[in-house]
Peer 1: 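One structure is given below, represented as structure tokens, and several questions about it will come after.
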Amino acid sequence: MDEVPPRRAAQLLRDARRVVVFTGAGISAESGVPTFRDDLTGLWARFDARRLATATAFHADPDLVWGWYEWRRTRVRQAEPNPGHRAIATIEARIPGTTVVTQNVDDLHERAGSRAAIHLHGSLFAPRCVAAAGHPFRSTPDGGPAPSPDGGRIPPPRCASCGALVRPGVVWFGEALPEAALTAAVEAAAACDVLLAVGTSGLVYPAAEIPRIAAGSGAAVVQVNPEPTPLDRVCAVNLRGAAAEVLPSLVGAAWEVARNG
Ligand code: BV8
């Protein structure tokens, strides 16, 4: 990682009035939550996440897929927000016109203090039934069988309202994103001065359009990622490094700029 984030990125952030922080799985990596790039482990090692994160996989083997999501939910519950999540909450506190848009299904932004993160791909914590009504599911006090550390098959519960199977409250591949979330994210990207693209491979659509919409509308895109991504070509500044290191350093430098001018 650069010793100190380039002054240009700090100045861009410092001068911004409207900021979008667009995050992917990489922001949660240092909290110990595996990214989609990471190979699956244990029971799911023989699967590709993109094959498992589908309605087809769920209906073919509900216990396997529900068990995967319960194992992930347990992993997230055991994780803590990292300095990258907290740096984003600091940006929101310092720049009221900040919108957090995340592809992640964990709740680490919220637990770090972000108040209204837009979840483009849903949440591990909003299961619902498969019926068209999508009745929300509130787990019973005992919460059902806890996943073993290596994970295992867990039969999904049944909806108390209609008896249909309960499914994870996420957007699977081949499913439409929540219209209100996508509209709000596109509007924020089209109106911002700066978009921080943090920990995303920029490969999953239509979410991957968000940084491109910002760049196309004249915003400066600042990327935070240890690896190159297809977003490199639309970035004004590329900060090669881990979010939990780069973001606190960027926020410090931005408001250092403020003090020193
Ligand atoms: C849809 C929830 C249509 C589930 C997820 C063009 C337009 C529209 C659609 C498509 C299109 N082309 C193809 C499609 C289909 C598909 C798609 O995009 N496929 C890809 C594979 C090409 N899209 C869809 O199916 C979408 N739906 O289009 O529906 C439709 C319309 C109307 C009516 C019906 C249907 C739905 C996509 C959403 C899928 N659900 N998640 C779950 O979590 O189980 S996506 C899932 O994968 C994640 O949410 C995330 O969004 C994505 C992975 O991306 P990243 O977050 O970027 O994570 P990744 O692991 O890839 O990368 C991590 C990055 O972090 C890396 O770059 C790494 O270097 C970096 N990193 C690592 N450590 C750190 C770090 N960075 C910083 N710090 C670190 N420490």
Side-chain angles (χ1 to χ4, degrees), residues 23-26 28-29 31-79 101-110 117-182 185 200-201 203-208:
T23 64
S28 298
S31 296
V33 178
T35 73
F36 250 68
R37 275 21 349 248
D38 295 333
D39 292 335
L40 293 186
T41 57
L43 179 71
W44 305 286
R46 58 194 167 95
F47 295 102
D48 173 331
R50 288 178 177 165
R51 296 283 307 274
L52 221 43
T54 62
T56 305
F58 179 71
H59 291 295
D61 192 339
D63 299 8
L64 177 82
V65 176
W66 180 259
W68 181 44
Y69 280 92
E70 285 300 279
W71 178 76
R72 288 173 62 189
R73 194 150 67 130
T74 303
R75 286 286 297 264
V76 169
R77 280 212 182 97
Q78 292 162 349
V101 177
T102 188
Q103 300 171 90
N104 299 339
V105 295
D106 64 48
D107 62 348
L108 296 177
H109 280 305
E110 289 77 5
I118 297 173
H119 283 262
L120 293 178
H121 294 156
S123 168
L124 288 170
F125 300 93
R128 63 178 190 273
C129 80
V130 297
H135 302 119
F137 174 72
R138 284 168 193 71
S139 57
T140 52
D142 70 4
S148 64
D150 292 334
R153 291 174 187 281
I154 300 178
R158 290 276 171 179
C159 175
S161 306
C162 68
L165 275 182
V166 172
R167 56 160 285 175
V170 301
V171 178
W172 276 325
F173 287 97
E175 293 186 327
L177 275 58
E179 193 175 340
L182 185 55
T200 182
S201 57
L203 295 172
V204 175
Y205 286 83

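Bear in mind that the values here come from a model prediction, so they are computed numbers and not experimental data.
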Peer 1: Could you give me the CA-CA distance, side-chain angles and deciding distance for Cys129 and Ser161, then say whether side-chain contact (heavy atoms from CB on, under 4.5 Å) is met?
Peer 2: CA-CA 9 Å; Cys129 80; Ser161 306; over 6 Å; no
Peer 1: Please name the pair of heavy atoms, one in Thr35 and one in Ala29, separated by the smallest distance, quoted to 0.1 Å.
Peer 2: CG2-CB, 4.1 Å
Peer 1: Do Val204 and Phe173 make a side-chain contact, defined as non-hydrogen atoms from C-beta onward lying under 4.5 Å apart?
Peer 2: yes
Peer 1: Considering residues at least two apart in sequence or located in another chain, which fulfil the ring pair (Phe, Tyr, Trp, His ring centres under 6.0 Å) criterion with His109?
Peer 2: His85
Peer 1: What closest approach, in Å, do Arg158 and Phe137 show between heavy atoms, and which atom pair accounts for it?
Peer 2: O-CE1, 4.0 Å
Peer 1: Would you call Asp106-Arg75 a salt bridge at under 4.0 Å N-O?
Peer 2: no
Peer 1: Quick one, Leu52 with Leu64, criterion side-chain contact (heavy atoms from CB on, under 4.5 Å). Give me CA distance, side-chain angles, the key distance, then yes/no.
Peer 2: CA-CA 9 Å; Leu52 221 43; Leu64 177 82; 3.9 Å; yes
Peer 1: Would you sort out whether Arg167 and Val65 count as a side-chain contact (heavy atoms from CB on, under 4.5 Å), showing the intermediate values?
Peer 2: CA-CA 9 Å; Arg167 56 160 285 175; Val65 176; over 6 Å; no
Peer 1: Is any side-chain heavy atom of Val171 closer than 4.5 Å to one of Pro178?
Peer 2: yes
Peer 1: To the nearest 0.5 Å, how far apart are CG in Leu182 and NE2 in His121?
Peer 2: 8.5 Å
Peer 1: Using a 3.5 Å distance criterion without hydrogens, assess whether the side chain of Thr102 forms a donor-acceptor pair with backbone atoms of Asn104.
Peer 2: yes
Peer 1: State, to 0.1 Å, how close Pro127 and Phe125 come at their nearest heavy-atom pair, and which atoms those are.
Peer 2: CD-C, 3.4 Å
Peer 1: Under the side-chain contact (heavy atoms from CB on, under 4.5 Å) criterion, do Tyr69 and Val105 qualify, and how do the steps go?
Peer 2: CA-CA 10 Å; Tyr69 280 92; Val105 295; 5.7 Å; no
Peer 1: Does Arg128 reach the main-chain N or O of Ala131 with its side chain, forming a donor-acceptor pair under 3.5 Å?
Peer 2: no
Peer 1: Can you see which heavy atom on Ala185 is nearest to which on Ile118, and at what distance?
Peer 2: N-CD1, 4.1 Å
Peer 1: Taking C-beta and beyond as the side chain, do Trp71 and Ile154 meet within less than 4.5 Å on heavy atoms?
Peer 2: no
Peer 1: Tell me the closest heavy-atom pair linking Pro155 and Asp63, and the distance in Å.
Peer 2: CA-OD1, 3.3 Å
Peer 1: Give me the ring orientation class for Phe58 and Trp172: parallel if the planes are under 30° apart, tilted from 30 to 60°, perpendicular past 60°.
Peer 2: tilted
Peer 1: When rounded to the nearest 0.5 angstrom, what is the spacing between CD in Gln103 and OG1 in Thr200?
Peer 2: 4.0 Å
Peer 1: Whether the side chain of Ser28 engages the backbone of Ser31 through a donor-acceptor N/O pair (distance < 3.5 Å, no angle test) should be reported.
Peer 2: no
Peer 1: Please find the pair of heavy atoms, one from His119 and one from Ala181, that lie closest to each other, and give the distance.
Peer 2: O-CB, 4.0 Å
